[in-house]
Asks: 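Input: one structure, supplied below.
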Amino acid sequence: MPVESANNRSLGFSVITNVQIIEGRARPPKGRPAIRDSLGIRLGLILVAILFLAVFVLVPLIVVFTEALKKGLGVYFASLTEPAALSAIELTLFVAAIAVPANLFFGVAAAWAIAKFDFPGKSLLITLIDLPFAVSPVIAGLIYILIFGAQGWLGPFLQEHDIKIVFAVPGIVLATIFVTFPFVARELIPLMQAQGSEEEQAALSLGASGWQTFWRVTLPNVRWGLLYGVLLCNARAMGEFGAVSVVSGHIRGLTNTIPLHVEILYNEYKFSAAFAVASLLALLSLVTLLIKSIATWNVSASAQLREPSTGK
Amino acid sequence: MKIEAKDLVRTFGDYLALDKVSLKTEDGELVALLGPSGSGKTTLLRIIAGLDFPDSGNVVFDDQDSTGLKIQKRRVGFVFQNYALFRHMTVYKNIAFGLEVAPGSRRLSRAQIRDRVFELLGLIQLPSLEGRFPAQLSGGQRQRVALARALAIEPRILLLDEPFGTLDAMVRKELRLWVKELQRRLKITTLFVTHDQDEALEIADRIVVMNNGRVEQIGTPAAVCDEPASPFVWEFLRGHAIY
């Protein structure tokens, strides 16, 4: 191939691929992708990944459940139904029931503003949204002690009016909201940015108001991402330890959440009870992952083809 | 309805997108905004639609100044370059959207909406695809659904942004003749943006040739071809002829 070799000299790199293509035609490749590592490397990588997951995820999960059930189902359920445990479960559900809707609202609002509009201070807002991820949860808790604590900025005022925030339920709610703020917003921002605002503009041109556009176009388009964000937010809200630990005060039956209750039980050498309560959190994360997988499956399914359905 | 633009100026930062652009259409005319990319034709279309607002100048609909009118009040049918169909809605729901969001006093009954949607589906010759989602349609079908969705609100004018831009050559030719015929039948004043000379020459009643945010010439296809008003128009249309 004289032409090819001439090109090869003059154009160098780019033509080398050209030559390979032509050689490829002469010797047809056996149906395989162009990029392929040797069998050994592939097996090795897969093995490392599986081993890592087994040691760091699977084994601890199994340990939680075996330890929890070690002394039998009786002890297991007794540890879950004793008053202190029940009150911890109740408080955790209560806190999540406030923190998750609050962050659903804030997260959607922030994501909408960031993805669809340009305004001064936008990059600052993006940075602030990430702050709770960047900051240690202990510091997140301390912030609230410094503001609302007896020695804090608002301490004297709060004492005068007999309002308790830290070492009480409101402090736990505040700390949880702070720590879980980024989940919904972080999930939605890239999704909304990728979708652009053309569909919204189309809705407006068809006479829809801003609200109608939001409820009928913007929100339905991000519903699976939103569900995932809410799930992660919820899992963290129920499982948060650090920030809540600082503001809680660990008052049994009053300001103990599930993670704090687990710690107390563990420190009191009540291992079976500790693991039993911990297994609740483990179950929560398993359910979260399950729903998340269904959501992801739905997203990819709807991205490819949707089942035709009747237009009502 | 007649559309008039008076001395429209629009800047994006330092960039002058529209430099005192004026034009006037007759009722029921099909007008092409023709020019290379960056000439300001899409900006002009978006300002007429109410999707963007000029720094100065006026948009006039039938002798009524509409420069500050909100897009919802303009009753313009806008077809986006990528169609912007609602991806989570069926074809039926897409077309019905403008009818369903109308305020209570003006909203049609469900049965009336249904009749209107099926009428439009007939008009775009896709009578049995109402249950499909946009992802299940071909490019040409999406384009027609976008057109039906825009027509559902009985717009006073129709604005098309590069309506055939993403279609392959065969479908393009077929569809542009179909759009032309439809526009004739509905007698609706229509503005469409294109960078394709042949497209403009083939179907437009008049052509607005734009370059660098300015109008170079406004005239019938014959006029811009035979009597170019500037070297740019001559250069831009060289080698293209009316069919």
Side-chain angles (χ1 to χ4, degrees), chain A residues 108 111-112 115-120 122-123 188 190-228 294-312, chain B residues 46 48-52 70-103 106-107 110 113-114 117-118 121 128-137 146 149-155 157-159 161:
Chain A
V108 170
W112 196 25
K116 309 282 179 182
F117 303 106
D118 271 316
F119 53 90
K122 184 165 151 175
S123 51
L188 291 186
L191 205 59
M192 284 182 162
Q193 275 173 336
Q195 287 176 349
S197 55
E198 272 208 339
E199 285 181 46
E200 276 90 355
Q201 290 176 8
L204 294 176
S205 80
L206 292 167
S209 67
W211 267 119
Q212 286 173 320
T213 303
F214 178 74
W215 284 109
R216 288 167 181 257
V217 177
T218 310
L219 213 52
N221 264 337
V222 297
R223 60 189 188 277
W224 293 113
L226 188 66
L227 174 66
Y228 185 36
I294 294 171
T296 327
W297 179 79
N298 256 311
V299 170
S300 52
S302 61
Q304 289 165 359
L305 268 194
R306 277 184 156 123
E307 284 301 313
S309 64
T310 51
K312 213 185 30 175
Chain B
R46 291 176 62 86
I48 292 170
L51 285 167
D52 196 2
K70 282 202 299 184
I71 183 170
Q72 289 99 330
K73 300 264 150 101
R74 291 196 188 200
R75 273 188 47 220
V76 297
F78 197 98
V79 175
F80 290 80
Q81 186 172 1
N82 299 310
Y83 321 127
L85 291 174
F86 306 126
R87 69 195 89 183
H88 62 287
M89 295 183 199
T90 59
V91 166
Y92 181 96
K93 278 293 193 181
N94 264 283
I95 297 175
F97 186 89
L99 303 171
E100 288 180 343
V101 296
R106 278 198 283 117
R107 197 183 306 136
R110 275 171 87 120
I113 290 178
R114 195 183 164 78
V117 171
F118 278 100
L121 280 165
S128 55
L129 296 185
E130 78 274 7
R132 297 272 186 97
F133 284 91
Q136 297 169 309
L137 301 175
R149 183 178 69 175
L151 289 173
I153 58 166
E154 296 182 319
I157 55 173
L158 199 53
L159 305 173
D161 186 8

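Proteins get letters first, then strands, A, B, ... in listed order; numbering begins at 1 in each.
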Asks: Using every non-hydrogen atom in the two residues, find where A:Arg216 and B:His88 come nearest and quote the distance to one decimal.
Replies: O-NE2, 2.8 Å
Asks: How many angstroms lie between CD in A:Glu200 and CZ in B:Phe86, if you round to the nearest 0.5 Å?
Replies: 8.5 Å
Asks: Please classify the contact between A:Gln195 and chain B as side chain, backbone, both or neither, with a heavy-atom cut-off of under 4.5 Å.
Replies: both
Asks: So which part of B:Arg46 gets closer than 4.5 Å to some heavy atom of chain A, the side chain, the backbone, both or neither?
Replies: side chain
Asks: Could you tell me whether a side-chain N or O of B:Gln72 sits under 3.5 Å from a main-chain N or O of A:Ala208, the two making a donor and an acceptor?
Replies: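 Present.
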Asks: Shortest non-hydrogen contact from B:Ile71 to A:Leu204?
Replies: CG2-CB, 3.9 Å
Asks: Drop me the distance from A:Gln212's CD to B:Phe97's CZ, to the nearest 0.5 angstrom.
Replies: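 Rounded to the nearest 0.5 Å, the CD-CZ separation comes out at 7.0 Å.
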Asks: Heavy atoms only: give me the nearest A:Ala202-B:Ala84 pair and the separation to one decimal.
Replies: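 Closest pair (atom of A:Ala202, atom of B:Ala84, distance): CB-O, 4.0 Å.
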Asks: Can you confirm whether more than 12 heavy atoms, excluding those of A:Lys122, are under 6.0 Å from its NZ atom?
Replies: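 Yes, enclosed.
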Asks: Where does B:Ala146 contact chain A at under 4.5 Å (heavy atoms): side chain, backbone, both or neither?
Replies: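 Neither part, no heavy atoms under 4.5 Å.
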Asks: Heavy-atom distance under 4.5 Å to chain A: side chain of B:Leu99, backbone, both or neither?
Replies: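 B:Leu99 has no heavy atom closer than 4.5 Å to chain A.
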Asks: Chain A heavy atoms under 4.5 Å from B:Arg75: which part of the residue, side chain, backbone, both or neither?
Replies: neither
Asks: What is the minimum heavy-atom distance between B:Phe80 and A:Gln201, and which atoms define it?
Replies: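 That would be CE2-OE1, 3.4 Å.
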Asks: If I compare all heavy atoms of A:Asn221 with all of B:Arg87, which pair ends up nearest, and what's the gap?
Replies: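 Distance-wise, the nearest heavy atoms are OD1-CG, 3.3 Å.
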